[in-house]
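Note sheet for the following structure.
Below, each value reflects all heavy atoms present in this structure, side chains not excepted, and no hydrogens, waters or symmetry copies. Atoms within a ligand are numbered from 1 in the order they appear, just like the ligands themselves.
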Amino acid sequence: MPAPHTLRSSFCSTNLPLPTPPWEAASRCLGLAGQVPPTERSVTEDLTRFLVKTSPLYTAMCPQLVITTSQRQPKPFSSQHSPQLLRSGSCNGVPSFFRRAALRSQGFLSLFRARAPRYLPDTRGRVKASGARSCCRSRWRGRAARRPRGYRCLPLGAISGSRLEISTRLHCSSTAAEVHWLSLLQHLFHPQKSDLALEKIKDKTKFWGESCSLWKSQGLFPLCVVLYTFLLPTQCIEQSERLFPCRKLKAIYRCQPGRLWVSFSLLILLLVSFQVVEKLQPSRSCPCELERALQQTTDHGQEGPNYALHAPGLPRKEDRPHRQRKAMLEPTSTKNTQDVFQMHWYLGQMTPQESTLDRQEGHWTWQPAESSKKMKGYFSPPRLKTHLPSPRKAARGEIFPGLPGGTSAAPGDAVVGGDSSKGVIFANGAIAEEQEGTTSPQTSQVTLQGQPQPLGFPGQPWDSSLKHTVLSSAQVPQAYDFYRTDLERGLLPSWTEVSMDNEMALRGIPQVEGVFSQEEMCKPKTNIVFLKVHKSASSTVMNILFRFGEMHNLSFAFPLKGGHQLFYPQHFMARFVQGFSPGKPPRFNILCHHMRFLQPEVQKVVPSTAIYFSILRNPVQLMESSFVYYKGTSAFSRARSLEEFLSQPYRYYNPTASDSHYARNLMTFDFGFNPDGEVSAKRVHLMLKAIEASFDLLLISEYFDESMVLLKETLCWDLDSVVSFPLNSRDSSTRSPLSGAIVEKIKAWNKLDWEIYTHFNRTFWERIDRDIGRERMQREVKALRERQAELARTCLQGMGSVGPKDIKDSSLRPLQHGNAKILGYNLKQGLDKETETMCRRLVTPELQYSSALYKKQFPQKPPQQTPQLVPSQRGMQQGNILRHRLEGTQN
Ligand SMILES: Nc1ncnc2c1ncn2[C@@H]1O[C@H](COP(=O)(O)OS(=O)(=O)O)[C@@H](OP(=O)(O)O)[C@H]1O
């Protein structure tokens with residue numbers, strides 16, 4: 001009689017003679033006899049099946065094979081019985097791709113060898129068991145493997161003669177699969193006994209098993225393996241050891257070093273694959289984004305109310321630029337190619353020698369009006385300077401369609417002098433000039449001419465803004481007057497109307513196109529999305545938006561918890577915005593913090609009537625700036641110079657690095673596209689189309705003043721609303737001149753950016769020609785510069801911008817980053833409070849201004865940094881609160 005826990009059955013033939021290799025007995029049992037030669041593989045597989053069939057349903061078992069179970073641990077490497085590892089399908093917790101080999105090398109094959117040495121004779125006459133190392137090596141090479149030090153080979157079963165003894169004892173090698181296997185066996189052999197420990201493990205196994213299948217389905221297989229490895233096979237570890245991770249690790253290491261190493265490698269692999277997946281994300285999502293964007297081209301273009309609000313003179317729905325551009329944008333279009341070529345040629349010609357830059361060029365300088373000294377303009381960035389039309393050409397009114405400098409003087413080249421002329425020269429090369437009497441002959445060729453005249457279209461309300469321009473330098477403008485927009489002066493529809501307009505938009509009430517009078521149609525736009533493209537004068541634009549928003553009590557879509565970027569470089573998500581509630585109508589007026597654009601998400605945050613705009617910069621200057629500012633990023637940190645970087649970009653540039661976007665096609669990236677994408681004509685075409693579809697206006701930072709005029713026209717704002725001082729400019733000491741060869745390399749390296757820039761630079765001028773006209777643009781730019789000059793005289797101490805060390809008021813000190821020295825301003829002393837507030841707003845760096853506005857908008861949730869500044873609108877209007885706040889913050 002067999003032992004009570006011995007299975008016997010008459011299911012198989014009883015005639016099988018002994019000794020027969022278990023394989024044969026088993027295969028006959030299972031009806032496999034004669035089918036498969038006893039190769040390693042079939043033995044493994046068939047014996048597995050054989051053993052699996054020892055479930056209650058298959059209790060039939062060959063009588064020759066006596067299967068017993070015991071709690072005792074069969075001793076490995078016993079020469080007496082040659083017990084071998086008998087594993088149920090796993091190898092020390094290593095993942096499944098090792099299992100087959102494990103079975104082959106450790107389990108059944110060894111078993112087979114032990115029982116039938118004639119098939120696989122051992123040279124020394126005894127069987128050596130395979131160790132963990134050979135197990136994990138994935139291949140049994142026909143020779144006994146050395147048992148690694150410290151590794152305890154703990155078999156699940158042993159065979160001796162016709163007896164197969166299976167251990168049901170758990171040990172630290174027990175893996176999930178083994179636990180299942182053992183529980184099955186225990187159920188078979190000891191159904192009356194309930195092993196609590198086993199039950200516990202089973203539960204645990206079930207839990208992890210389920211979690212694991214979930215993770216596997218989500219592609220997180222390595223995580224599953226790591227958990228299996230660390231969490232399950234620790235049964236032999238003492239309770240006390242379990243509490244201490246170190247001791248636990250030690251125990252695992254003692255027991256199964258292989259398991260540990262495999263887990264660590266998998267963990268690293270997991271992290272690396274996460275990184276790769278993250279990096280690949282844009283390229284994968286890119287086509288969808290394009291498609292989506294293109295889809296929205298149609299949608300956007302069909303939005304009547306959006307265009308109903310356009311300023312007079314701006315294209316209406318039916319003559320939207322993208323309609324007309326269709327033909328021009330064809331990559332094969334000769335005109336297109338020619339323009340790009342022209343741009344390429346113009347910029348390619350530039351050499352540092354050609355530009356007569358002073359070391360002071362980076363500074364935004366201004367000669368006080370009282371002084372009769374010559375003023376000198378420094379044009380920055382220098383690249384474009386030499387390609388601007390010569391003064392003579394400018395005087396003749398010759399213009400270069402689509403080329404830098406086509407409409408105005410080349411300030412960098414110009415020497416604006418004479419007693420009769422006072423001007424302010426901006427870091428970006430813009431000249432603001434105040435004229436007293438006649439302009440000197442020299443300057444007449446290069447500066448904008450003519451007395452202020454009524455501008456624009458008949459009845460255009462913002463003409464009145466020019467009243468300010470005739471103030472003499474002695475007449476300090478009243479801050480309140482200055483900051484009162486036409487809205488407040490009653491020249492435009494009252495603010496209530498604007499608010500109503502706003503409210504209507506918020507409620508999604510459509511506005512009918514074409515039934516408004518011209519004046520009504522030109523209501524100031526208050527719903528705005530500004531894509532803050534890095535290193536393209538975007539901080540200056542942001543300052544304009546901050547001031548306008550603050551003045552008119554508009555709400556900003558701030559990053560969560562008062563952060564300064566909308567989780568850049570991730571694609572924008574509506575949930576990144578503080579106060580956003582899904583399902584509710586969009587409620588923010590202005591979205592302008594750094595983000596990676598994703599229109600469908602942006603649309604959830606701002607009303608559908610919002611105007612979308614952005615600003616671009618020549619990629620050559622942009623990269624030069626970026627290299628200095630983002631010197632700490634992985635791509636730039638190891639390159640000593642931009643030249644060095646460009647000589648072997650792939651030595652430094654790793655597209656999968658999380659900060660690689662600063663080093664290549666930064667504009668493309670900010671617009672949401674893949675900066676490493678292919679530069680095929682089709683792709684470029686699609687990308688440009690998508691941008692055109694999403695954005696109402698693309699500005700060019702090299703023509704900042706022209707851009708501001710275009711912006712105010714589009715937004716129906718007055719001129720005063722778009723005055724600014726250049727912010728975030730670098731000191732000249734951190735600028736480097738670029739040779740022609742480097743320029744070419746930058747253009748090639750940033751090919752996608754270059755395509756975007758050249759295209760939108762052209763459409764920028766086309767739009768000016770169509771909607772404003774060069775002549776009027778010149779007048780507006782002149783007026784704008786005069787206003788800026790006037791403000792500079794009113795507000796600024798000294799010559800304009802100063803180095804960070806010279807900024808006296810720390811709250812006006814801009815963030816210093818990378819190797820860049822970012823300039824700032826000192827305010828004049830002794831200004832009255834209102835003027836001081838107005839001036840302070842103009843020169844407050846982005847981070848400080850943003851924090852202050854955030855604090856104002858979310859008084860309950862102060863951001864971490866809460867610098868001073870920014871009185872409330874009421875405060876500004878009434879003066880008292882303003883004074884109070886400034887006093888409170890300034891001292
Ligand atoms: N008004 C105006 N006109 C032309 N150029 C201007 C203007 N204002 C700022 N700048 C230049 O823009 C560069 C800073 O760009 P951003 O403010 O976008 O930088 S950031 O991404 O926000 O850090 C920075 O360029 P670099 O000096 O070359 O670094 C500024 O000089």
Shortest heavy-atom approach to atom 25 (O) of ligand 1 - which of Arg617, Lys535, Met708, Glu702: Arg617
Pairing residues for Cys795 by the disulfide (SG to SG under 2.5 Å) criterion, not counting sequence neighbours: Cys839
Any heavy atom of Arg735 closer to ligand 1 than 4.0 angstrom? yes
If the cut-off is 4.0 Å to any non-hydrogen atom of His534, which atoms of ligand 1 fall inside it? 18 (O), 21 (O)
Quick check: does Ala537 get an N/O under 3.5 Å from an N/O on ligand 1? yes
Would you mind listing which atoms of ligand 1 come within a distance below 4.0 Å of any non-hydrogen atom of Ser701? 3 (N), 4 (C)
Best match, Val628, Thr734, Asn728: closest heavy atom to atom 23 (O) of ligand 1: Asn728
Give a yes/no verdict on whether any heavy atom in Glu624 is under 4.0 Å from an atom of ligand 1. no
Can a side-chain donor-acceptor contact be found between Glu846 and Ser539 if the only test is distance below 3.5 angstrom? yes
Distance under 4.0 Å to a non-hydrogen atom of Arg730: what atoms of ligand 1 satisfy this? 26 (P), 27 (O), 28 (O), 29 (O)
Ring centres of Phe556 and Phe546 under 6.0 Å apart? yes
Any atom of ligand 1 sitting under 4.0 Å from a heavy atom of Lys532? yes
Taking the six-membered ring for Trp and the single ring otherwise, decide whether the centroids of Phe572 and His594 are under 6.0 Å apart. no
Give the atom numbers and elements of ligand 1 that come within less than 4.0 Å of a heavy atom of Phe704. 1 (N), 2 (C), 3 (N)
Salt bridge check: are Glu780 and Lys712 linked by an N-O gap of less than 4.0 Å? yes
Check ligand 1 against Val533 and write out every atom of the ligand that is under 4.0 Å from a heavy-atom position of the residue. 18 (O)
Less than 4.0 angstrom from a charged side-chain N to a carboxylate O is my criterion; do Arg785 and Asp705 meet it? yes
If the plane angle is over 60° it's perpendicular, under 30° parallel, otherwise tilted; pick one for Tyr568 and Tyr662. tilted
Tell me whether Arg730 forms a cation-pi arrangement with Tyr629, defined as NZ or CZ under 6.0 Å from the six-membered ring centre and within 45 degrees of its axis. no
Between Glu846 and ligand 1, which residue portion shows a heavy-atom distance shorter than 4.0 Å: side chain, backbone, both, or neither? side chain
How are the rings of Phe695 and Phe597 set to each other: parallel, tilted or perpendicular (split at 30° and 60°)? tilted
Min over Pro814, Ser539, Ser732 of heavy-atom distance to atom 17 (O) of ligand 1 lands on Ser539
Show me which atoms of ligand 1 lie under 4.0 Å from any heavy atom of Thr540. 7 (C), 8 (N), 9 (C)
